[in-house]
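Throughout, residue positions are numbered sequentially from 1 according to the sequence presented.
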Amino acid sequence: MTDTRTPTVERPATFGDVFAVAEFRVIFGSFGIFMIGETVKMLALSVLVYERTGSGLLAALAYVTGFLPHALGGVFLLALADRMPARALIVGYDLLRLAVVVVLATGALSPPLMLGLVAVVALFGPVSSAARTALLPEVLHGDSYVLGRSLLSVASGGTQVAGFAVGGLLLGLVGPYGALWLTALTCGLSALLVRVGLTRRPARIRTATAVGTAVGRSKGGAVRETLRVNRELLADRRIRGLLLAQWLPGSLLVGAEGVAVPYAAELGPGASAGVLLMAGAGGMLVGDLLVGRFVAPARRERWTPWLALLLGVPMLAFLAGPGLLPAAALFAVATAGFAYQLGLARRFLDAVPELRRGQAFGLVSTGMMAMQGLAAAGAGGLSEWLAPGVVMAVAGAASIAATLTLWPVLKPAAHSR
């Protein structure tokens, strides 16, 4: 009998498909709780340090202390994401955060010791994050994986906004110490949710070692292995190209966000940088939701380079010095282009060795944070000589240049669906 069936085109995954998976619900929920807790913690710590020292510099350092060590942890410790079971890593980091927040909430430490303790613990943040991200392709498959990635990105932005709102409310009601005690509850809740809701899976490297595969053998300590595997990943031409494609176009646009405050100040007393930044966050969330949910996988792949180009093109209009509302609209359109990364998600997943997924995903996050920091610092430096609107246009032009350079990487292969 002749098979007359025609090949089917893969349909986009739905929210129902993704949230029907119980383990994804646990990953999504625990991640949201984690992000709200971290945002409230850093906000409360910043207020607490300022109250005790009166130093604006120390207060600012308190707010970013939890994030600055991320790059160091990503460079030296990411191998742990593949050498240890994911559930144990995530739960262990939540419990470590719980212990630290309790110590902070007692008020027993001086501000410098507070900052030092938070910085040390934050070194392990990228390891936990990498373990969580590497779990996604194990619980979601096909286009559901891409939509799951999109939903985590949406959760990251949305819960940070919620964290600021909740943190501000808590600071007014119970003060910074009370906010820290409540943050401790979020740490415990996240740990409990992961411990009960996720299946225990053995470490990827340990599993491979047990069956005797060469790639599964860990060599030396975690630091040495992290450095070695990072070098191997970057030495692979395909992986290196996909890493740069995920790092550069979007990170260069962050330089424009870095001068949003001086740009708004030039517009007059009625203008607020918060409007621009909220528009940027909103554009990114809407872009991820629409492209992740409603664009067919094959079309999403084809749109990848054009969405990346969208990041920079609207920013060129800042040469004309648009007013607050047009500027906010430009920001929203530009940041919607961040959805280009969804078109790279499965390609990157296919390119990296399965046993090194944790470290590979961690390297994406670490490189992105480092590039964004450099872009923001560079834009800030340029703003000493150029008008903020010109700096924003330069950031857009740099993003466009990166996209055009990486076009062969961003464009799907001819056989891609």
Side-chain angles (χ1 to χ4, degrees), residues 13 18 21 23-35 38 67 70-71 73-75 77-94 97 122-160 190 193-194 197-199 201 203-205 226 229-230 233 239 242-243 245-247 250-251 284 288 292 338-339 341-372:
V18 173
V21 180
E23 286 194 289
F24 176 75
R25 295 198 300 270
V26 171
I27 293 172
F28 184 83
S30 64
F31 178 65
I33 294 169
F34 166 81
M35 289 300 301
E38 281 295 283
F67 304 105
H70 193 285
V75 170
L77 298 175
L78 277 178
L80 293 173
D82 294 311
R83 293 174 69 164
M84 296 180 64
R87 188 180 70 175
L89 269 175
I90 298 170
V91 171
Y93 185 59
D94 278 338
R97 291 169 53 238
L123 287 170
F124 298 93
V127 180
S128 174
S129 176
R132 179 183 285 106
T133 306
L135 272 178
L136 271 187
E138 297 183 23
V139 302
L140 297 175
H141 308 286
D143 197 52
S144 291
Y145 163 69
V146 179
L147 183 56
R149 284 284 302 271
S150 168
L151 287 171
L152 285 187
S153 297
V154 170
S156 177
T159 51
Q160 284 187 61
S190 176
L193 191 59
V194 171
L198 291 185
T199 302
R201 294 173 173 83
R204 278 176 287 274
I205 298 300
T226 299
V229 176
N230 280 347
L233 291 171
I239 294 175
L242 289 169
L243 284 169
Q246 292 174 92
W247 289 343
S251 296
M284 183 169 62
D288 270 348
F338 273 105
Q341 294 183 344
L342 298 178
L344 299 174
R346 282 203 285 183
R347 277 185 261 169
F348 187 70
L349 179 65
D350 292 340
V352 300
E354 182 177 351
L355 297 174
R356 298 297 182 184
R357 278 180 181 170
Q359 184 157 345
F361 286 128
L363 190 58
V364 171
S365 175
T366 298
M368 200 172 298
M369 291 189 72
M371 295 287 183
Q372 288 178 3

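If you run side-chain contact (heavy atoms from CB on, under 4.5 Å) between Val127 and each of Thr226, Asp82, Leu89, only Leu89 comes through.
Here the side chain of Arg347 pairs a donor or acceptor atom with the backbone of Gly343 at under 3.5 angstrom. No donor-acceptor pair under 3.5 Å is formed between the side chain of Gln246 and the backbone N or O of Met368. No donor-acceptor pair closer than 3.5 Å links the side chain of Ser144 to the backbone N or O of Ala13. Checking side-chain atoms of Ser150 against main-chain N and O of Val146 turns up no donor-acceptor pair under 3.5 Å. A distance-only check finds no donor-acceptor pair linking the side chain of Glu38 to the backbone of Phe34 [under 3.5 Å].
The two residues Arg149 and Leu136 come nearest to each other via the heavy atoms CD-CD1, 3.7 Å. For the residue pair Leu233 and Ala360, the shortest heavy atom distance occurs at CD1-CA, 3.9 Å. Across all their heavy atoms, Val364 and Trp247 have their closest contact at O-NE1, 3.0 Å. The shortest non-hydrogen separation linking Ala351 to Leu242 is CB-CD1, 3.8 Å. Across every non-hydrogen atom of Ala81 and Ala131, the tightest pair is CB-N, 4.2 Å.
Summarising the geometry, atom OG1 belonging to Thr366 is positioned 8.0 Å from atom CG belonging to Asn230; distances are rounded to the nearest 0.5 Å. For the atom pair OG (Ser251) and CZ (Phe338), the distance works out to 7.0 Å, reported to the nearest 0.5 Å. Atom CG of Leu147 is separated from atom CG of Asp288 by 10.0 Å, given to the nearest 0.5 angstrom. Put simply, CD1 on Ile27 and CG on Leu135 are 5.0 Å apart, with the number rounded to the nearest 0.5 Å. Expressed to the nearest 0.5 Å, how far CZ of Phe28 lies from CD1 of Ile33 amounts to 11.0 Å. Rounding to the nearest 0.5 Å gives a distance of 11.5 Å between CD1 of Ile90 and CE of Met84.
Residue pairs satisfying the side-chain hydrogen bond (donor to acceptor under 3.5 Å, both in side chains) criterion with at least one member in residues 122-140, sequence neighbours excluded, are listed as follows: Glu138-Arg201, Glu138-Arg204.
A 4.5 Å side-chain heavy-atom check between Pro85 and Leu198 finds every atom pair outside the cut-off. By the 4.5 Å heavy-atom criterion applied to side chains, Leu78 and Phe361 are not counted as neighbours. The shortest distance between side-chain heavy atoms of Phe31 and Leu193 does not fall below 4.5 Å. Proximity of Val18 to Tyr145: side-chain heavy atoms (C-beta onward) are nowhere separated by under 4.5 Å.
The salt bridge (Lys or Arg N to Asp or Glu O under 4.0 Å) check on Asp94 picks up Arg97, with sequence neighbours excluded.
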